[in-house]
Amino acid sequence: MNLDHLNLQQKEAVQNTDGPMMILAGAGSGKTRTLVTRITYLLEEKHVSPFQLLALTFSNKAAKEMRDRISRTVSCDAGALQVTTFHSFCARSLRNEAQYLGLSKNFTIYDTSEQKAVVKKILSRRGINIKEVSPFEVMYFIEDLKNHGHYPDRDISEKDYEVEKDDPFYDMYLEYERELHKANATDFGGLITAVIQLYELFPDVLKRYQERFKYLLVDEYQDTNRAQFDLVTKLAKLNKNICVVGDEDQSIYSWRGADIRNILDFESVYKDAQILKLEQNYRSSKNIIDAAGAVISRNTQRKGKDMWTDNPEGESIEIVECHNDKEEAQFVAEGMKELAAGGESYDEMAVFYRTNSQSRLLEDALRTANIPYRVIGGIKFYERKEIKDLLAYIRVVVNDKDSLAISRIINVPARGIGATTLRKVEEEAVKTESTLWEVIQRIVDNPEDFKHIRLTARVKSALSHFTQIILDAKQANENKDSQQDIFEKLLHESGYWEMLRAAKDYESEARMENLQELGTAITQFEEANEGTDLGGFLETITLDNSVVAEDEETANQGEVSLMTIHGSKGLEFHYVYLTGTEENVFPSYKSMEDGDTAIEEERRLFYVAMTRAMKRLYITFAQGRMLFGQLRFNGHSRFIQEIPNKYYMWRKLGGGTQANTSKDDWDDFADPDFDEGPVYSISTAPAPKTAFPKGSKVVHSLYGEGKILASEGPSGDERVTIMFKDGARKKFMAKFAPLTLI
DNA sequence: TCGACGATCGTTTTT
DNA sequence: CGATCGTCGA
């Protein structure tokens, strides 16, 4: 097999197929090329069966890219090859092994908003006002447990995390898990932990998987959480052929559970691991690589790589100081116009920002300048109300235990089953330990048994109508009718379509279009996946929203791309504008409150942004910016400071004149070589952590003794949430409240 | 049951 | 500033 297209390290990464290996692949180092070649090598040179290979990634985007490139490279049949995300691998395993964990294989996967609904229900059941405890706090608590691989009753004596089982939230977690189980449902995190549970409780099942997958590969390793690490470690235990690929400098999802220890500790877990570094960059100019390298070298939480390149030195980075945010947007638009006039294509240009809300002004400026653009990210198709409603209908058809879905659509469109009726039915369900669906059916079949809950004839007939809609669709689904037909049937028989049509307003029309698009997506899915049913469609749509998202292939025809830096990971552009590089914006004010670890993550984000640029990089900031309805003067980002000034040109805009094209102004207050760290520190003081840390006990002169549940905001100005002995939860501004630590 | 009004509070987002 | 959420009144 010809490996001439690879450099030395890449070849090693391909040929050392056995035993544990970690590849630290820097930005633009030909990572995917290497991985694909490695897989090809395993199949064609080592004659490993595609059936024995498992490649896991974090995102669908990466899985898809790898799959596409493998199918173009590998000559033998790669059909049995599993290149997939952690979540869909787990979902598939769980459907196959559902009986072990008391699920049935048509289980539903709850997304964030459904999780929130469950949490809200639990809170209200306990009489806790959501102003005292935000559902998100509880969700975060639950998520955190799952990110660490926790499940109820797990033996954690040998695990590297701790669980406070007397935390009031833990009890809510248990209730949450019971609630999901009753609904034959799980959530994203639960997919992973359920498989861990499966492996831990049923060693023979684990053994089956271990024996099957002789070679494991994990891409986007820096984004994996502890649970995923646990999962892979278990799978790899028998054959030890595990190859992980990642870049600790591009780890930007730690706030979502990604654990950098997975990289930093790999060697201590796998003592004989080979560590390879891919340090040659094929993407960017030397100037950009060196500048980015200087910035990231300030991080302490890293293995350390020295990226280098054979590419030409290229142009200086341009740092552009704008008067305000509007001028910044205008500068971007004008610059792009000029580039285009010079023959450059718009799809080689991108604008990055830290937060989605910053796209507004940029969009305005581009629109005014008649520059075609597309915004990546933003509002998701599948989060739209009408889509969620119809999906809820489908969910009930697939899994009638999904009471959450029933209560969502039982009165949408309004059919006279109001809140009171729903409450009565729910109470009845709790009393008889049944699901909502069972109770509703019983009411419809034997109304005389339900005299005690006093339903009017009208309500009863409405319930009967509702069950008929669902039963018809269930029947059709069992008959293997086409999914498209079932969808159409639900859409019309439920009265949903008619409701929108009757409304005759602009918004309803848009909703109707979206529903048609959903119909198209179902048809497409059906054509692409023979032999699946509606359940298959539901799973795909929850685990991979890109099914219906704009068809990205066709979309990018000479348009400028706008996205958050998070959204830019894995992409590259000739011309990059990195905007809003101001303190409090980037790094975000939130990260500035959270201390060094958070700042290091922001720095990685800055590094990711820089290394997307191939030819030219503009870094812009505004002296003044409208933020939260107020004009703020934040000063430029500390990260600008961290770029040695030989790599950039400083430009100050103002009154339309380009007053200064040299870096002289800058030199007045910046150290020329930045050898000794930042010269002036804009940072908040080295974060003396809050005087009221989570978990500490306090006395309030009015309410008595309590425990700190949360503390947010900078020290001296923090707001604390306290749970008092009598069970009350209250929030205070710490500096005003009569609090004493004990 | 819906809509009007006011209070609140502001990252990043993938699965 | 502006989106979102909850409350309250008709």
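We use all heavy atoms of the structure for the numbers below, so side chains are in, but hydrogens, waters and symmetry mates are not. Throughout, protein chains are lettered first and strands after them, A, B, ... in sequence-line order, and every chain is numbered starting at 1.
- Here A:N356 reaches the OP1 or OP2 of B:dT13: one of its side-chain N or O atoms lies under 4.0 Å away.
- Between the CD1 atom of A:I565 and the C1' atom of B:dT14 there is a distance of 17 Å, rounded to whole Å.
- Salt bridge status for A:E498 with A:R501: present, with a side-chain N to carboxylate O gap under 4.0 Å.
- Bounding nucleotides for the chain A contact on DNA chain C, 5' to 3', at a heavy-atom distance below 4.0 Å, are C:dC1 to C:dG6.
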| note | Base-pair string, DNA chain B, Watson-Crick plus G-U, cut-off 3.5 Å on both distances, | for inter-strand, is ||||||||||.....
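- Among the heavy atoms of the strands lying under 4.0 Å from A:K120 are primed sugar atoms or P, OP1, OP2 only; no base atom is included.
- Heavy atoms of A:E602 sit under 4.0 angstrom from at least one base atom.
- For the pair A:G416 and A:T564, both in contact range of DNA chain B, the more 5′-proximal nearest nucleotide belongs to A:G416.
- Distances shown here put every side-chain N or O of A:S591 at or beyond 4.0 Å from the OP1 or OP2 atom of B:dT11.
- One can place CD of A:Q250 at 16 Å from C1' of B:dT12, the figure rounded to the nearest angstrom.
- Within 4.0 Å (heavy atoms only), A:R604 reaches no atom of the nucleic acid at all.
- With 3.5 Å as the limit, one finds no donor-acceptor pair spanning the side chains of A:Y161 and A:D144.
- A:N60 comes within 4.0 angstrom of the backbone, heavy atoms only, and of no base.
- Here the P atom of nucleotide B:dC9 and the CZ atom of A:F136 are 13 Å apart, to the nearest Å.
- Comparing B:dT12, B:dT14, B:dG10 by their nearest atom to the side chain of A:F628 picks out B:dG10.
- The side-chain contact (heavy atoms from CB on, under 4.5 Å) check on A:H566 picks up A:I252, A:Y253, A:W255, A:R354, A:T564, A:L605, with sequence neighbours excluded.
- The A:Y253 side chain lies nearest to B:dT14 when the options are B:dT11, B:dT15, B:dT14.
- At whole-Å resolution of the value, CG in A:L605 and P in B:dT13 are 10 Å apart.
- For the C1' atom pair drawn from C:dA3 and B:dT14, the interatomic distance equals 23 Å after rounding to whole Å.
- If you measure from atom NE2 of A:H566 to atom C1' of B:dT15, you get 15 Å, rounded to the nearest angstrom.
- The separation between A:I376 atom CD1 and B:dT13 atom P is 12 Å, rounded to whole Å.
- Residues A:K388 and A:S113 have side chains that bring a donor and an acceptor to within less than 3.5 angstrom of each other.
- A:E97 is linked by a side-chain contact (heavy atoms from CB on, under 4.5 Å) to A:Y100, A:L198, A:V205, A:R208, A:Y209, counting only residues two or more places apart in sequence or in another chain.
- Comparing the P positions of B:dT13 and C:dT4 gives a spacing of 15 Å, expressed to the nearest Å.
- Remark: A:T368 engages no residue in a side-chain contact (heavy atoms from CB on, under 4.5 Å) (not counting sequence neighbours).
- Here A:F86 lies out of heavy-atom contact (under 4.0 Å) with every strand.
- Taking A:R458 as the reference, A:T456 meet the side-chain contact (heavy atoms from CB on, under 4.5 Å) condition, with sequence neighbours excluded.
- At a threshold of 4.0 angstrom between heavy atoms, the contacts of A:T112 include nucleobase atoms, whether or not backbone atoms are also involved.
- Legend: residues meeting side-chain hydrogen bond (donor to acceptor under 3.5 Å, both in side chains) with A:Y353, ordered by chain and number and at least two apart, are absent.
- Between A:G418 and A:H87, the residue whose closest nucleotide on DNA chain B is further toward the 5' end is A:G418.
- Counting any heavy atom pair closer than 4.0 Å across all strands shown, A:G189 reaches no nucleic acid atom.
- Checked against ring-ring contact (aromatic ring centres under 6.0 Å, His included), A:F606 has the following partners two or more places apart in sequence or in another chain: A:F586, A:F639.
- With distances taken from any side-chain atom of A:A414 to the nucleotides B:dC2, B:dT15, B:dT11, the minimum falls on B:dC2.
- Among the atoms of the strands shown, only primed sugar atoms or phosphate atoms (P, OP1, OP2) are found under 4.0 Å from some heavy atom of A:T355.
- Note on A:N129: nothing from the nucleic acid sits closer than 4.0 angstrom, heavy atoms only.
- When the P atom of B:dT14 is taken as reference, atom CE of A:M563 falls 12 Å away, rounded to whole Å.
- A salt bridge does not link A:E248 with A:R604: every distance from a Lys NZ or Arg NE/NH1/NH2 to an Asp or Glu carboxylate oxygen is 4.0 Å or more.
- Between the P atom of B:dT15 and the NZ atom of A:K146 lies a distance of 18 Å, rounded to the nearest Å.
- Checked against salt bridge (Lys or Arg N to Asp or Glu O under 4.0 Å), A:R67 has no partners two or more places apart in sequence or in another chain.
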